[in-house]
Amino acid sequence: MRNKFKIFIMISLAAMVATYAETRKKKSGSITIKAVGDIVPGTLYPERRIPANPYEDLFAPIQEYLSGADLLFGNFESTLTDYPTTSKNTSSKHVFAFRTPPSTAKVLKRAGFQVLSTANNHSGDFGERGFKDTMQNLKAVGIHAIGRKGQIEYLTVSGVKMAFIPFSYLRSHSNVKDLDGMRELVREARANAPVVVISCHWGGEGEKFLHTKNQTEMFYGENRGNLPAFAHAAIDAGADLILGHGPHVVRALELYKGRLIVYSLGNFIGYGALSSRGKTGLTLVLDITLGKDGKFESGKITPMNMPEKSTPRYDASGKTIQLMRDLTAADFPKTKLSISENGDITIR
């Protein structure tokens, strides 16, 4: 009887602590975000590379790491369309076109994604028709798709109104090289929402572009932007969080005027469409906690790798944590961020 009473007391105390912690979070107005990088959950082009059971094969083994935040964000780097003809010249070995079955939108919704960026170099793989289909298919399942030029997407998260603005290095999207245009969008968003998040598809690709420098990045003759210059200018204009993706490797983190800059979230799901060799196979789920004023409060790196068919699995070795610690220390030695060995991100 005493043992049962002790167990009852322990369970009750645990419930009280959990309730108190949740109440404190809601009272403080903190917003919790989980963010991941590039997602290609299989493609039908140029040949069929589709998982037999998309949710069970791709997301079920890592669902616990994707769940639990107020919002889940990712970069959807494919199209959701049945349109058969690509708008790209794929004869070059450096040019790829991806087309994912439209039914995959339901899989992404089931995994918990609330915001997906489509402002990237694969959003137009099947022309304007493919892009419109992608946006409509995501919207139809209740996912906020951000990718149209000039788009500001508003949603309420944990009682706080947020604005999401998508950018890429392409002229078909709001452009990372157009700082004046960016400032106008950020100011408009700021006038209508207390927290402004910017999604950026930018930078050179691969292990040669692990480091972030305050200079223009060129990749196969293409201007991919000056990442720190854009990020700092965006925060100066009123942005609160920068979520970068596109380099296919993780990059450094920086704290600028109390706001977090994520220079690259790396690959996340490629299912054979994205490389997972070497450091391109090191990935993460990034937890971010913001105050109701948009200031960074804390974060955590959950390390993952892509051991088979470019699908993520938890990585107990923590290689992604060490890589991001090293890159942050090397590229932004004066930043006030501290990344612990277990991936906790705090302000020094």
Side-chain angles (χ1 to χ4, degrees), residues 36-59 72-111 113 115-149 151 166 168-173 199 201 205-206 219-220 222 245-248 265-277 280 283 306 308-312:
V36 300
D38 304 334
I39 300 168
V40 184
T43 180
L44 294 170
Y45 189 92
E47 65 271 350
R48 184 182 179 89
R49 286 175 284 176
I50 298 293
N53 300 291
Y55 177 78
E56 288 75 11
D57 294 346
L58 301 178
F59 294 107
L72 178 62
F73 166 90
N75 173 52
F76 184 71
E77 198 154 5
S78 184
T79 57
L80 294 168
T81 184
D82 290 322
Y83 189 69
T85 307
T86 180
S87 57
K88 288 183 171 179
N89 179 2
T90 55
S91 61
S92 169
K93 65 178 182 179
H94 302 301
V95 178
F96 304 92
F98 302 135
R99 188 182 71 209
T100 302
S103 59
T104 309
K106 293 180 180 179
V107 177
L108 294 163
K109 178 66 175 179
R110 183 179 176 185
F113 287 98
V115 179
L116 285 173
S117 175
T118 59
N120 54 58
N121 57 315
H122 289 285
S123 64
D125 281 4
F126 288 83
E128 185 64 20
R129 166 70 182 277
F131 176 72
K132 287 181 178 179
D133 286 350
T134 302
M135 299 291 281
Q136 290 171 357
N137 284 318
L138 290 173
K139 182 180 179 180
V141 298
I143 294 175
H144 293 266
I146 56 171
R148 294 190 305 275
K149 189 170 186 175
Q151 182 181 5
S168 85
Y169 55 82
L170 298 171
R171 288 179 294 178
S172 54
H173 305 132
S199 165
H201 201 73
E205 300 178 17
F219 188 70
Y220 286 111
E222 192 170 40
H245 40 81
H248 297 301
L265 290 158
N267 288 332
F268 190 63
I269 291 175
Y271 202 74
L274 300 177
S275 173
S276 60
R277 293 189 298 271
T280 64
T283 185
M306 302 164 75
E308 183 180 352
K309 291 186 178 179
S310 304
T311 56

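Reckoned from all heavy atoms, side chains included, excluding hydrogens, waters and symmetry mates. This is a predicted model, so every value here is computed, not measured.
Atom CZ of F268 and atom CE of M306 lie 8.5 Å apart (nearest 0.5 Å). Rounding to the nearest 0.5 Å gives a distance of 12.5 Å between NE2 of H248 and OG of S276. Once rounded to the nearest 0.5 Å, the distance linking CZ of R148 with NZ of K132 reads 11.0 Å. To the nearest 0.5 Å, atom CG of residue L116 and atom CD1 of residue I146 are 8.5 Å apart. Put simply, CG on D38 and OG on S117 are 9.5 Å apart, with the number rounded to the nearest 0.5 Å. Rounded to the nearest 0.5 angstrom, D133 CG and T81 OG1 are separated by 3.5 Å.
With hydrogens and angles disregarded, no donor-acceptor distance shorter than 3.5 Å links the side chain of K88 to the backbone of G124. At least one donor-acceptor pair under 3.5 Å links the side chain of T86 to the backbone N or O of D125. The backbone N or O of G42 sits less than 3.5 Å from a side-chain atom of T100, completing a donor-acceptor pair. Here the side chain of T118 pairs no donor or acceptor atom with the backbone of A145 at under 3.5 angstrom. A donor-acceptor pair under 3.5 Å is absent between the side-chain atoms of S78 and the main chain of I39, judged by distance alone. N267 places a side-chain N or O within 3.5 Å of a backbone atom of S275 that can act as its donor or acceptor partner.
Contact detail for A97 and T43: the closest heavy-atom pair is O-OG1, 4.3 Å. Minimum heavy-atom separation, A105 to I143: O-CD1, 4.1 Å. Scanning both residues, T134 and G130, for their nearest heavy atoms gives OG1-O, 2.8 Å.
Using a 4.5 Å heavy-atom threshold, the side chains of L138 and L108 count as touching. Put simply, the side chain of F98 does not reach to within 4.5 Å of the side chain of T79, judged on heavy atoms. N75 places a side-chain heavy atom less than 4.5 Å from the side chain of N120. Side chains of S172 and F131 form no contact here, defined as non-hydrogen atoms less than 4.5 Å apart. P166 has its side chain within reach of Q151: a pair of non-hydrogen atoms, C-beta onward, lies under 4.5 Å apart. Put simply, the side chain of Y169 reaches to within 4.5 Å of the side chain of N121, judged on heavy atoms. Contact of the T280 side chain with the L274 side chain is not registered, since no non-hydrogen atoms from C-beta on lie closer than 4.5 Å. Between V36 and L265, every side-chain heavy-atom pair lies at or beyond the 4.5 Å cut-off.
For E222, the CD atom is densely surrounded, since the number of other residues' heavy atoms within 6.0 Å is greater than 12.
Judged as a ring pair (Phe, Tyr, Trp, His ring centres under 6.0 Å), and not counting sequence neighbours, the contacts of F126 are Y45.
Side-chain contact check for H201 and E77: at least one donor-acceptor pair (N or O, by modelled atom type) lies under 3.5 Å. Using modelled atom types, one finds a donor on one side chain and an acceptor on the other under 3.5 Å when comparing S123 with H173.
Between F113 and F59, the ring planes lie perpendicular to each other; the angle is over 60°, past the 30° to 60° tilted range.
Paired with P51 under the rule side chain to side chain contact (heavy atoms under 4.5 Å, CB included), one option of T104, D57, V107 passes, and it is D57.
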Stepwise side chain to side chain contact (heavy atoms under 4.5 Å, CB included) test for Y271 and V40: CA-CA 7 Å; Y271 202 74; V40 184; over 6 Å; no
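Sequence neighbours left out, not one pair with a member in residues 96-109 passes salt bridge (Lys or Arg N to Asp or Glu O under 4.0 Å).
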